[in-house]
Visitor: 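Just passing along the structure, written as structure tokens.
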Amino acid sequence: MYHLALKMLMGDRAKYVMLVGGLTFAALLMTQQNSVFQGILSWTTSHMRNSRASIWVVEKNVEQVNETKAMRDTDVNRVRSVAGVDFAVPFFQSILQARAADGSDKPIQLIGLHAATLVGRPPVMVAGDLERLRLPNTVVIDQLAIQRLSIGRPKPLGLGDTFEINDREARVVGICRTERHFFGYPYVFTSYDQALQFAPRQRKMLSMILAEPKPGLTAEQVARTIERETGLKAFTVPEFSRATIDFIWRNTGIPASFMTTIILGFVVGVAVSGQTFYSFVLENIRHLGALKAMGASNALLARMLLLQAFTVGLIGYGIGIGLAAVFGYAVLPAGQPPFLLDARTMIITAVAIVFICIFAALLGIRRVAKLEAAIVFRA
Amino acid sequence: MHTDFTHTHADDEAAVRAVGVTKTYGRGDSRTVALKNTTFTTREGELHLVVGPSGCGKTTLLSVVAGTLEWDSGQIEVFGVKLNGLKTADITTFRRQNIGFIFQQFNLIPTLTTVENVSVPLLLGGTKRTEAEERSAAMLQEVGLGDKLTKRPGDLSGGQMQRVAIARALVHKPRLIICDEPTSALDSTTGHHIMELLAGAARAPGRCVIIVTHDNRTYGYADRITEMEDGQVKQVYANGALRDFIATHR
Ligand SMILES: Nc1ncnc2c1ncn2[C@@H]1O[C@H](COP(=O)(O)OP(=O)(O)OP(=O)(O)O)[C@@H](O)[C@H]1O
Ligand SMILES: [Mg+2]
């Protein structure tokens with residue numbers, strides 16, 4: 001009987017297209033919005049992919065990676081002396097103003113790296129030499145910086161060119177690739193000491209300390225030891241990511257606004273699919289009654305309706321995810337809006353679609369269960 | 001797992017016996033008594049017509065006898081099985097195994113081919129798809145539609161659709177065939193053709209056909225006619241009385 005159930009479903013072209021369309025729309029909207037949301041969330045932790053370290057030590061009130069509360073220079077040595085710490089280096093991060101050639105000021109994300117080790121260096125160099133950061137007044141910039149700071153130049157900013165950070169000259173010795181940051185500012189890497197020159201002088205300048213555990217110890221174990229012994233806060237990368245994303249959930253309207261659209265997609269999916277499927281059942285009620293008269297049990301009819309609902313669900317899900325992926329591929333090169341479609345997002349959409357299908361099928365099943373087979377005798 | 005109702009038998013060859021059946025629809029002001037303490041019997045091998053004015057309860061009688069409608073009181077026994085004692089699921093099984101249906105509106109599924117429509121009772125009975133379709137094709141051949149196997153109901157005339165419905169009602173060899181106004185949507189020639197097919201089916205041993213009809217052109221095919229009036233059986237005609245009845249209703 002199941003092949004007949006499918007033929008009954010697909011034979012009714014208009015309803016079939018409506019059902020698949022509704023579920024496609026729901027799957028697309030939920031997946032696309034969730035992916036953009038995940039993309040934005042991933043921006044908030046891009047610091048930890050642009051500068052890599054196993055343990056991030058920060059002032060004890062820091063809640064997330066994009067926040068800095070200055071520490072004392074001596075804290076580096078305190079961390080170094082903690083048992084289990086292989087090495088620890090100072091790390092500077094701050095938003096400063098850089099001047100483009102046309103005289104306008106552009107905010108940049110300035111990163112200061114420990115000159116001897118260059119721990120926290122960008123993952124991919126496109127041109128130039130990172131080692132030359134050890135020379136005075138030098139910087140390595142990312143491609144977004146080239147875009148932003150080349151305004152007013154005859155030729156894009158390149159190796160050997162200079163621009164001003166906070167009224168001090170900076171000479172480009174390398175170009176790197178970075179992952180975009182939540183704030184949308186370009187990255188400028190320099191040495192730690194040079195960064196202190198660029199930044200306005202303050203009593204405490206150390207933003208963070210990057211550390212690695214000794215071989216044989218986990219980052220988590222060592223982070224706990226650092227916290228215990230120094231009173232500072234130490235995060236592993238997964239811990240810092242989670243803390244950052246939690247912070248976004250608690251302190252910004254971003255999740256709420258995306259959730260609203262995602263829930264809207266879900267509600268529209270429930271409403272359109274439920275309604276269409278129910279009217280499909282009502283339109284076929286005489287035939288379902290005839291099947292019942294001929295001896296089809298309620299259980300069999302219920303399974304047929306579930307099969308029909310899940311068939312359109314599966315197709316709608318496939319097309320919806322596919323379209324979301326197409327959208328992703330279209331926007332990824334531009335990086336705007338951010339897009340991160342992972343297995344978890346696909347599973348969330350799948351669960352939502354399954355729920356919609358069950359809901360739609362249940363409406364029909366309830367109707368069919370109450371149906372008296374004798375209706376087939378009525379004209 | 002289900003009870004098997006295919007080999008049951010009444011002692012006295014009564015295929016259907018309804019005794020003192022009452023059925024009311026609705027309640028309060030809209031309450032209608034459709035069957036009033038009605039008693040009705042059909043024998044095996046018989047083509048039995050049920051006639052009477054509109055609203056007298058013919059369809060209701062057919063519905064309760066077929067186990068598709070609950071009734072208020074009275075006993076119904078079909079091939080020796082007392083429907084009163086059965087659970088809904090068992091009545092469903094009973095219908096599947098024993099009853100073929102033909103409706104005034106044909107009730108074929110428009111999105112399925114004729115073969116697929118006819119195969120439904122076999123599939124419901126657990127027959128494999130290929131075998132069900134082969135047997136359905138053979139059955140369609142028997143009702144003269146061997147060339148319409150892959151057509152959909154919408155491509156057929158009324159008479160052809162009713163023949164598909166007959167093929168569907170007969171394909172699983174049910175013992176009781178229930179028809180509500182099978183000819184009323186058809187022209188006279190087609191109607192006769194349909195009646196001949198049904199009469200042929202009824203005459204098989206251990207079988208029985210009950211037809212509700214308004215159509216006096218069908219009376220000549222009857223072995224017995226039950227005339228109803230106002231929710232009750234007014235008169236049953238057989239043999240000589242049947243011939244007189246037919247003569248006066250020509
Ligand atoms: N579902 C229902 N709800 C309420 N009343 C009903 C229902 N079905 C039938 N009736 C009423 O019960 C009575 C018997 O109806 P039934 O359909 O059995 O008559 P019938 O002899 O088949 O009539 P017809 O020749 O017009 O088909 C009628 O008065 C009818 O209005
Ligand atoms: Mg009727």
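Lettering of chains follows the sequences in order, A, B, ..., and the numbering in each one begins at 1. In this text, all values refer to a predicted model and were calculated from it rather than measured experimentally.
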Visitor: Go through the structure and list residues passing side-chain contact (heavy atoms from CB on, under 4.5 Å) with B/Asp155, not counting sequence neighbours.
Guide: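 With neighbours one apart ignored, the set is B/Lys151, B/Arg152.
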
Visitor: By salt bridge (charged side-chain N to carboxylate O under 4.0 Å, His left out), which residues pair with B/Arg27, not counting sequence neighbours?
Guide: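 None.
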
Visitor: I need the residue from A/Ser297, A/Ala293, A/Ala299, A/Ala374 with the largest number of non-hydrogen atom pairs under 4.5 Å to chain B.
Guide: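 Ranked by heavy-atom pairs under 4.5 Å with chain B, first place is A/Ala293.
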
Visitor: Which bit of B/Ile178 comes within less than 4.5 Å of chain A, counting heavy atoms only: side chain, backbone, both or neither?
Guide: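 It is the side chain, since no backbone atom gets that close.
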
Visitor: Check the surroundings of atom CZ in A/Arg344: do more than 12 heavy atoms from other residues, nucleotides or ligands lie under 6.0 Å from it?
Guide: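 No.
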
Visitor: Measure distances from A/Leu9 to the heavy atoms of chain B and classify the residue's part below 4.5 Å as side chain, backbone, both or neither.
Guide: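 Neither part, no heavy atoms under 4.5 Å.
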
Visitor: Heavy-atom distance under 4.5 Å to chain A: side chain of B/Leu112, backbone, both or neither?
Guide: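 Interface part for B/Leu112: side chain.
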
Visitor: Nearest 0.5 Å, what's the CG-CD distance between A/Leu4 and B/Glu116?
Guide: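 That separation rounds to 5.5 Å.
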
